[in-house]
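Starting from 1, each residue takes its place in the sequence as its number.
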Amino acid sequence: MTDTTMTDTDDLKTHLLVAIDASASLDALEAVRVDALGKQGRVTQLLKTMGALSPEERQTRGPAIHGLREAVTTAIAARKAHLEQVALDAQLASEALDMTLPADAPLAGTVHPVSQVMDELAEIFADLGFAVASGPEMETDWHNFGALNIPETHPARAMHDTFYLAGREDSDPNDRETPRVLRTHTSPVQIRTMLANKPPIRIIAPGRTYRSDSDATHTPMFHQVEGLVIDKGITLGHLKWTLETFLKAFFERDDIVLRLRPSYFPFTEPSAEVDVGYSIVKGKRVIGGDPTKGDGGWMEVLGSGMVHPKVIAACGLDPEEWQGFAFGCGIDRLAMLKYGMDDLRAFFDGDIRWLKHYGFSALDVPTLSGGVGTPA
């Protein structure tokens, strides 16, 4: 390779790099790229001469030509990135978004009725002095059954179609550390709360529960809320007043009538099923009104009772000193009763049309002053 050829390559490199650096726009830079690296570009033409060179010439001239192409390619990429950043900065500087203005687009998302009812429950019971408690959904046998006065051979276990975790069916039922079942109710949260806190206790425990059952009014996974009060001198009168106050606030009616029927739950004694009166309005069953008039009647909505002394003792408390009441109901069922839904399975189908029909606006936060079932 002659000195003249080397000088020509260096001059071309200097010329192209200066042209690249002087490009004030992406269009100008693209013109330089085509002139240098396009099909008929000057660097491309030099590369095409490589095939006609002798091996000795290729060894001397080849590195210079390839070095020229690499330098031009790198310079073009760097200049392009710089120009794009300059253009973006200019665009951002010219645009402004006032974050204090309301959104122009309508809110597309909707709150699921179960989430809405959970918020309503929390609002109502917070006003009554209750805290919200939670616990694991994979539970030990002891927390789910044993501590609730449901021993291994107790017939009450037949009332719960339990999902056992794989390989855990034969584990020690008194093991308080190893999860064995998917909880069949949220009552284990009551046990964990009494173990971790000193009375007085006032909590509700909303959450998911699991039982092997499925039809129009039952699903394998459903939502339940339970309430617990532990204090001194607690009576059934306190329980009835609490439930009556809760149901009046939830259904937003003052003419709610309750009826307590004797029942059986292993973790409460005495136990009572709670019925609420309903009336027929325009052919539809509506919670509230006089259940003895017209086509009215009673509907079961809750299970309740005084906490069994054995349950209190299992949590390390003296049942002679501390008493309490507990209650529980299905959140899904409450939503069905209040908002006129007739099939529980639709809650879990994931059908966006159903949610658009029954869902709530994300801004419809329930309050007692504004109404728990209406926009605040």
Side-chain angles (χ1 to χ4, degrees), residues 107-125 161 184-186 204-227 243 246-259 273-289 291 294-304 327-368 370-376:
L107 292 174
T110 53
V111 175
H112 196 282
V114 169
S115 298
Q116 173 75 10
V117 171
M118 281 189 175
D119 287 344
E120 294 177 11
L121 294 173
E123 181 71 27
I124 293 169
F125 281 103
D161 297 319
T184 59
H185 44 191
T186 55
I204 60 169
R208 298 184 184 92
T209 54
Y210 305 85
R211 298 183 190 179
S212 183
D213 199 0
S214 180
D215 56 39
T217 58
H218 299 84
T219 55
M221 186 279 287
F222 56 101
H223 300 84
Q224 193 177 66
V225 61
E226 297 195 13
L243 296 180
F246 153 58
L247 291 172
K248 284 182 178 179
F250 179 75
F251 289 107
E252 299 179 78
R253 295 185 61 136
D254 291 327
D255 57 351
I256 297 294
V257 182
L258 296 189
R259 180 178 71 177
E273 297 280 4
V274 180
D275 299 334
V276 63
Y278 68 85
S279 54
I280 302 298
V281 178
K282 295 181 179 180
K284 293 185 177 181
R285 190 164 53 182
V286 177
I287 300 297
D295 295 327
W298 298 96
M299 181 187 307
E300 176 190 331
V301 291
L302 288 152
S304 65
F327 57 88
C329 62
I331 294 176
D332 316 292
R333 176 166 170 76
L334 288 177
M336 293 173 71
L337 291 176
K338 183 172 182 177
Y339 297 113
M341 307 162 188
D342 57 6
D343 193 331
L344 182 59
R345 292 168 294 191
F347 279 61
F348 309 100
D349 284 344
D351 190 333
I352 192 66
R353 296 169 299 178
W354 181 90
L355 188 56
K356 285 183 176 180
H357 180 74
Y358 287 109
F360 293 81
S361 168
L363 300 181
D364 289 350
V365 180
T367 65
L368 290 179
V372 294
T374 56

Identify the two heavy atoms, one from [X] and one from [Y], that lie closest to each other, and give their separation to 0.1 Å.
{"X": "A335", "Y": "V117", "result": "CB-CG2, 3.7 Å"}
{"X": "A249", "Y": "L368", "result": "CB-CD2, 4.5 Å"}
{"X": "T186", "Y": "P206", "result": "CG2-C, 4.5 Å"}
{"X": "I280", "Y": "Y278", "result": "CD1-CE1, 4.0 Å"}
{"X": "V286", "Y": "R253", "result": "CG1-NH1, 3.3 Å"}
{"X": "M118", "Y": "G207", "result": "CE-N, 4.1 Å"}

**Prompt:** Within the side chain of Q224, is there an N or O that forms a donor-acceptor pair under 3.5 Å with the backbone of H185?
**Reply:**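 Checking the backbone N and O of H185 against the side chain of Q224, no donor-acceptor pair under 3.5 Å is found.
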**Message:** If we ignore hydrogens and angles and just use 3.5 Å, is the side chain of S279 paired with the main-chain N or O of G296 as donor and acceptor?
**Reply:** no
Say you draw a straight line from [atom1] of [X] to [atom2] of [Y]; how long is it, rounded to the nearest 0.5 Å?
{"X": "F125", "Y": "I204", "atom1": "CZ", "atom2": "CD1", "answer": "6.0 Å"}
{"X": "I287", "Y": "F250", "atom1": "CD1", "atom2": "CZ", "answer": "10.0 Å"}
{"X": "I331", "Y": "E226", "atom1": "CD1", "atom2": "CD", "answer": "10.0 Å"}
{"X": "W298", "Y": "R259", "atom1": "CH2", "atom2": "CZ", "answer": "5.5 Å"}
{"X": "L258", "Y": "K248", "atom1": "CG", "atom2": "NZ", "answer": "8.0 Å"}
{"X": "F347", "Y": "H223", "atom1": "CZ", "atom2": "NE2", "answer": "10.0 Å"}

**Message:** Check this for me: R208, atom CZ, are more than 12 non-hydrogen atoms of other residues, nucleotides or ligands nearer than 6.0 Å?
**Reply:**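 Counting other residues, nucleotides and ligands, CZ of R208 stays at 12 neighbours or fewer.
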Answer whether the closest heavy-atom distance between the side chains of [X] and [Y] falls below 4.5 Å.
{"X": "F222", "Y": "R333", "answer": "no"}
{"X": "L243", "Y": "F327", "answer": "yes"}
{"X": "V301", "Y": "C329", "answer": "no"}
{"X": "V365", "Y": "D119", "answer": "no"}
{"X": "D332", "Y": "V114", "answer": "yes"}
{"X": "Y358", "Y": "T110", "answer": "no"}
{"X": "V372", "Y": "T367", "answer": "no"}
{"X": "E120", "Y": "L334", "answer": "no"}

**Prompt:** Where does the angle between the aromatic ring planes of W354 and H112 fall among parallel (under 30°), tilted (30 to 60°) and perpendicular (over 60°)?
**Reply:** tilted
**Message:** For M299 and L337: C-alpha separation, side-chain torsions, deciding distance, then whether side chain to side chain contact (heavy atoms under 4.5 Å, CB included) applies.
**Reply:** CA-CA 10 Å; M299 181 187 307; L337 291 176; 3.1 Å; yes
